[in-house]
Amino acid sequence: MNEVKKTQRTRVAPSPTGDPHVGTAYQALFDVAWVRQQGGQFVLRIEDTDQNRLVAGSEQQIYDSLRWLGLDPDESPEVGGAYGPYRQSERLDTYRPYVEQLLAAGHAYYCWCSAERLKELRAEQEAAKVSETGYDRLCYHLLLEHGADKVREVRSQLPGFSEMPVVRMLVPEDAPLSFTDLIRGSVNAPFPDDQVILKADGFPTYHLAVVVDDHLMGITTVVRGEEWISSTPKHLLLYRWLGWEPPAFAHMPLLRNTDHSKISKRKNPAARLLWFREQGYLPEALLNFLQLLGYPPVREDSEMATLSEFVAHFDWAKISTVGPVFDTGKLDWLNGAYIRALDDTELAHRIAIYEAERGRPLDEHTVAVLTAAVPIIKERITLLSDALPMIDYLLLPAAELVIADDARAALPENTAQIVSAAVAALETLTDWNPSAIQDALRSALVETLGLKPKVAFNPIRTAIAGRKVSPPLFESMAILGQPECQARLSRLI
RNA sequence: GUCCCUGUCGUCCAGAGGUCUAGGACCCAGCCCUUUCAAGGCUGUAACGGCGGUUCGAAUCCGCUCGGGGAUACCA
């Protein structure tokens with residue numbers, strides 16, 4: 001009863017090696033759901049221990065896309081925090097003592113084997129189809145035989161020697177091979193190889209860094225992809241050796257391409273987190289979509305749910321253990337639904353921002369037309385990028401409006417008669433609004449000329465919009481204004 | 001090869017031995033509404049990988065099999 005509940009801290013730890021991955025957002029969402037429900041902190045740590053794969057600008061894109069999604073970290077390299085630095089490349093001095101400690105305790109050893117030797121070793125093992133793969137502990141055996149003082153010298157006489165050694169874990173027979181996972185329950189994992197924990201360039205590998213950082217940063221729940229299950233024994237071992245309590249683990253299912261392989265940017269453009277913003281998706285729609293992957297809808301009546309509803313209902317046990325195929329079909333529907341749910345003014349604003357982000361800031365006239373047209377396009381667009389192309393005909397003067405070939409071809413023989421009647425009927429119209437326009441045209445074309453509505457209005461639409469399909473006709477005419485409409489109609493006489 | 005994870009409509013999820021002739025959402029098709037296109041409403045197509053076993057009874061439990069995925073790096 002008087003037990004103090006530990007503050008939950010979880011983290012997302014992307015590697016800045018290119019455009020942020022959609023998987024980062026997926027994990028961040030579940031991280032945030034858990035931590036917000038528990039009143040804890042969401043930490044962003046940059047795992048940049050692989051100096052060869054760093055991509056300039058990537059880190060900034062990670063911050064930007066998380067912010068766009070509304071998943072801002074409570075602590076990060078950008079905003080700081082009490083457990084910094086949050087960039088692993090700035091923590092090299094932090095890791096070193098632990099490596100020394102493990103070395104001194106005999107849990108780790110130096111290895112001078114070159115990349116070439118390791119490669120050959122692996123090839124041999126593969127060819128021999130042996131079940132026991134991994135490092136052969138050559139350097140460890142030499143250490144036992146010759147002692148710490150001599151081992152380097154002895155090793156240097158043998159082939160496959162590399163000047164700068166790495167440090168490897170000495171994995172014992174009783175390494176922990178099973179653990180409890182928040183999502184999967186009891187999980188088994190393979191017996192680990194003598195994993196390198198400190199590379200020749202002085203950087204730690206992920207395995208060491210993640211354990212040291214998670215412990216030092218007070219991380220209580222580790223949320224990461226399923227691909228890490230097989231490495232978990234290594235991490236558990238490090239926790240044991242260092243005398244630390246391991247965090248809880250939640251291994252998320254892996255998102256997959258439509259061919260069911262692990263999601264990749266090559267096979268699936270949507271694997272790039274930035275893609276969604278570029279395409280004109282709403283962040284709230286993406287979040288909702290991600291939430292639905294591997295997780296049942298939080299409401300019974302609808303699959304649409306806000307982030308706070310998700311947070312309120314969140315439960316690790318409800319996450320599926322099967323990797324969902326990342327098929328954005330439902331996202332398109334969700335995006336349309338979110339667009340329709342937006343206030344007109346807000347939608348116009350979002351479209352303007354979107355266009356500006358794409359390098360096409362809107363001028364005053366365009367903003368005015370867009371604002372007026374939002375009511376007639378909002379239920380017709382699925383992406384923010386659909387808006388402007390849909391109202392292109394509203395933005396051009398009559399002389400520049402191009403009439404599409406198929407629309408022109410579909411014009412009936414009596415087009416001139418219909419259009420003339422329309423011009424005449426509209427000439428005297430004083431009240432220029434959609435229903436007045438409709439009444440005037442109906443009376444002149446449908447009632448007086450006896451035309452079917454379809455026959456009567458198609459040519460008018462072609463004259464006004466230049467195409468066979470367009471947003472509602474009378475509303476369009478109202479936006480365009482009387483002189484402009486008359487000019488457009490006159491072109492067809 | 002070895003180890004680990006995993007298998008319900010095309011896709012995302014419900015289903016935790018009988019209420020399942022398996023339910024919802026997206027997609028697709030048809031109908032309605034309608035001046036076009038949408039949106040909306042209604043209807044429909046479509047799945048428990050296979051084989052054994054346990055049981056009065058299995059999508060649900062067990063075994064085998066087949067399939068999918070991941071790991072097996074001085075990448076994360």
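Numbered from 1 within each chain, the chains take letters A, B, ... in sequence-line order. In this text, all values refer to a predicted model and were calculated from it rather than measured experimentally.
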Novice: Assign a letter to each nucleotide of nucleotides 62-76 of chain B from its 5' end: B, base within under 4.0 Å of a protein heavy atom; S, sugar-phosphate only; -, no contact.
Specialist: ------SSSSSSBBB
Novice: Rounded to the nearest Å, what distance is computed from the CD atom of residue A/Glu475 to the P atom of nucleotide B/rU34?
Specialist: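 Checked: the CD to P distance equals 16 Å.
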Novice: Would a distance-only check, ignoring hydrogens and angles, find a side-chain to backbone donor-acceptor pair under 3.5 Å from A/Asn335 to A/Thr382?
Specialist: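 Judged by distance alone, yes, a pair lies under 3.5 Å.
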Novice: To the nearest Å, give me how far apart OH (A/Tyr26) and P (B/rC12) are.
Specialist: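 For the pair A/Tyr26 OH and B/rC12 P, the rounded distance is 11 Å.
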Novice: Sugar-phosphate means primed atoms, P, OP1 and OP2; the rest is base. With that split, encode nucleotides 23-29 of chain B 5' to 3' as B, S or - using protein heavy atoms under 4.0 Å.
Specialist: -BBS---
Novice: Pairing check on B/rC31: which nucleotide meets the Watson-Crick or G-U wobble criteria with it, both distances under 3.5 Å?
Specialist: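 Across all strands, the one nucleotide that pairs with B/rC31 is B/rG41.
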Novice: Hey, is CD on A/Glu90 packed in by over 12 heavy atoms from elsewhere, all under 6.0 Å?
Specialist: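 More than 12 within 6.0 Å, yes.
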Novice: Quick check: do A/Pro253 and A/Val322 have side-chain heavy atoms less than 4.5 Å from each other?
Specialist: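 When only atoms from C-beta onward are counted, A/Val322 and A/Pro253 do not touch, as no gap falls below 4.5 Å.
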Novice: Is it true that a side-chain atom of A/Arg256 and a backbone atom of A/Val325 form a donor plus acceptor pair closer than 3.5 Å?
Specialist: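 Not at all, since once roles are kept as given, no pair shorter than 3.5 Å links the two residues.
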Novice: Determine the interplanar angle of the A/Phe249 and A/Tyr239 rings, folded into 0 to 90°, and report it as parallel if under 30°, tilted if 30 to 60°, perpendicular if over 60°.
Specialist: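 If you compare the ring of A/Phe249 with that of A/Tyr239, the planes turn out perpendicular.
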Novice: Would you find a donor on one side and an acceptor on the other, under 3.5 Å apart, between the side chain of A/Lys199 and the backbone of A/Thr49?
Specialist: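 The answer is yes, because a donor-acceptor pair under 3.5 Å joins these two groups.
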Novice: Counting the atoms with a prime plus P, OP1 and OP2 as sugar-phosphate, which does A/Phe474 contact under 4.0 Å by heavy atoms, base, sugar-phosphate, or nothing?
Specialist: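 The residue A/Phe474 makes base contact.
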Novice: Parallel, tilted or perpendicular: which fits the ring planes of A/Trp228 and A/His235, with parallel below 30° and perpendicular above 60°?
Specialist: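 It falls in the tilted class, 30° to 60°.
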Novice: Measure CD1/A/Ile339 against P/B/rG40 and give the value in whole Å, please.
Specialist: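 Result: 13 Å.
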Novice: Please give the nucleotide sitting opposite B/rG63 as a Watson-Crick or G-U wobble pair, both distances under 3.5 Å, or none.
Specialist: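 Matched B/rG63 with B/rC51 under the 3.5 Å cut-off.
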Novice: For B/rU54 versus B/rC66, give the span between their C1' atoms, rounded off to a whole number of Å.
Specialist: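 22 Å, rounded to whole Å.
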Novice: Taking the P atom of each, how far is B/rU60 from B/rG53, in whole Å?
Specialist: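 That atom pair is separated by 15 Å.
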Novice: Partner lookup for B/rU2, please. Criteria are Watson-Crick or G-U wobble with both distances under 3.5 angstrom; report none if nothing qualifies.
Specialist: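 Here B/rU2 is engaged in a pair, and the nucleotide opposite it is B/rA71.
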Novice: Quote, to the nearest angstrom, the C1' distance that separates B/rC9 from B/rG24.
Specialist: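 My reading of the C1' atoms in B/rC9 and B/rG24 gives 12 Å.
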Novice: Touch check for A/Arg184, heavy atoms < 4.0 angstrom, all strands: base, sugar-phosphate only, or nothing?
Specialist: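 Contact class for A/Arg184: sugar-phosphate only.
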Novice: Rounding to an integer number of Å, can you tell me how far A/Glu379 CD sits from B/rC33 P?
Specialist: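 Answer to the nearest Å: 18 Å.
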Novice: On the 0 to 90° scale, with breaks at 30° and 60°, tag the A/Tyr281-A/Trp275 ring pair as parallel, tilted or perpendicular.
Specialist: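 Geometry flag for A/Trp275 against A/Tyr281: tilted rings.
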Novice: Pick the nucleotide of RNA chain B nearest each of A/Val187 and A/Asp327; which residue has the one closer to the 5' end?
Specialist: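 Nearest nucleotide further toward 5': that of A/Val187.
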Novice: State whether A/Arg340 places a side-chain N or O below 4.0 Å from either non-bridging phosphate oxygen (OP1 or OP2) of B/rA38.
Specialist: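 For B/rA38, OP1/OP2 do not have a side-chain N/O of A/Arg340 under 4.0 Å.
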Novice: With both distances under 3.5 angstrom, what nucleotide forms a Watson-Crick or G-U wobble pair with B/rA14?
Specialist: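 The base-pairing partner of B/rA14, which may sit in any strand shown, does not exist here.
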Novice: With rounding to whole Å, what would you report as the distance between B/rC62 and B/rG68 at their C1' atoms?
Specialist: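 Going atom to atom, C1' in each nucleotide, I get 22 Å.
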Novice: Nearest whole angstrom, please: distance from the C1' of B/rU36 to the NZ of A/Lys468.
Specialist: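 One finds 10 Å between C1' of B/rU36 and NZ of A/Lys468, rounded.
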Novice: Please report the distance separating the P of B/rC42 from the corresponding atom of B/rC51, rounded so that it comes out in whole Å.
Specialist: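 38 Å, rounded to whole Å.
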Novice: Provide the distance between the two P atoms, one in B/rA76 and one in B/rU65, to the nearest whole Å.
Specialist: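 Their P atoms lie roughly 37 Å apart.
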Novice: Rounded to whole angstrom units, what separation is found between the CG atom of A/Leu411 and the C1' atom of B/rU36?
Specialist: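 It is 14 Å, rounded to the nearest whole Å.
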Novice: Can you check whether A/Ile339 reaches A/Leu347 side chain to side chain, under 4.5 Å on heavy atoms?
Specialist: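 When only atoms from C-beta onward are counted, A/Leu347 and A/Ile339 do touch, with a gap below 4.5 Å.
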Novice: Does some side-chain heavy atom of A/Met304 sit less than 4.5 Å from a side-chain heavy atom of A/Leu334?
Specialist: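 When only atoms from C-beta onward are counted, A/Met304 and A/Leu334 do touch, with a gap below 4.5 Å.
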Novice: For B/rA46 versus B/rG41, give the span between their C1' atoms, rounded off to a whole number of Å.
Specialist: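 Result for the C1' pair: 22 Å, nearest Å.
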Novice: Hey, which sits more toward the 5' end of RNA chain B by its nearest nucleotide, A/Ser186 or A/Pro296?
Specialist: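 Closer to the 5' end of RNA chain B: A/Ser186.
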Novice: Which base, if any, makes a Watson-Crick or G-U wobble pair with B/rC9, both distances under 3.5 Å?
Specialist: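 Looking at the geometry, B/rC9 pairs with no nucleotide.
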Novice: From B/rU35, B/rG40, B/rG7, pick the nucleotide closest to the side chain of A/Val322?
Specialist: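 Closest nucleotide to the A/Val322 side chain: B/rG7.
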Novice: Quick one: A/Gln291 CD to B/rA14 P, roughly how many Å, whole number?
Specialist: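 Rounding to the nearest Å, CD of A/Gln291 and P of B/rA14 are 12 Å apart.
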Novice: With rounding to the closest Å, how many angstrom separate the C1' atoms on B/rG10 and B/rC28?
Specialist: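 My reading of the C1' atoms in B/rG10 and B/rC28 gives 10 Å.
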Novice: Say whether, by atom type as modelled, one donor and one acceptor occur between the side chain of A/Asn257 and the main chain of A/Asp259 under 3.5 angstrom.
Specialist: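 Side chain of A/Asn257 to backbone of A/Asp259: no pair is present.
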Novice: Within this structure, what is the NE2-to-P distance between A/His251 and B/rC4, rounded to whole angstrom?
Specialist: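 One finds 16 Å between P of B/rC4 and NE2 of A/His251, rounded.
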Novice: Could you label the plane-to-plane angle of the A/Tyr109 and A/Tyr135 rings as parallel, tilted or perpendicular, counting under 30° as parallel and over 60° as perpendicular?
Specialist: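 Because their plane-to-plane angle is under 30°, the rings of A/Tyr109 and A/Tyr135 count as parallel.
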Novice: Does B/rA22 pair with anything, Watson-Crick or G-U wobble, both distances under 3.5 Å, and if so, with which nucleotide?
Specialist: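 Paired with B/rA22, as far as the under-3.5 Å criterion goes, is no nucleotide at all.
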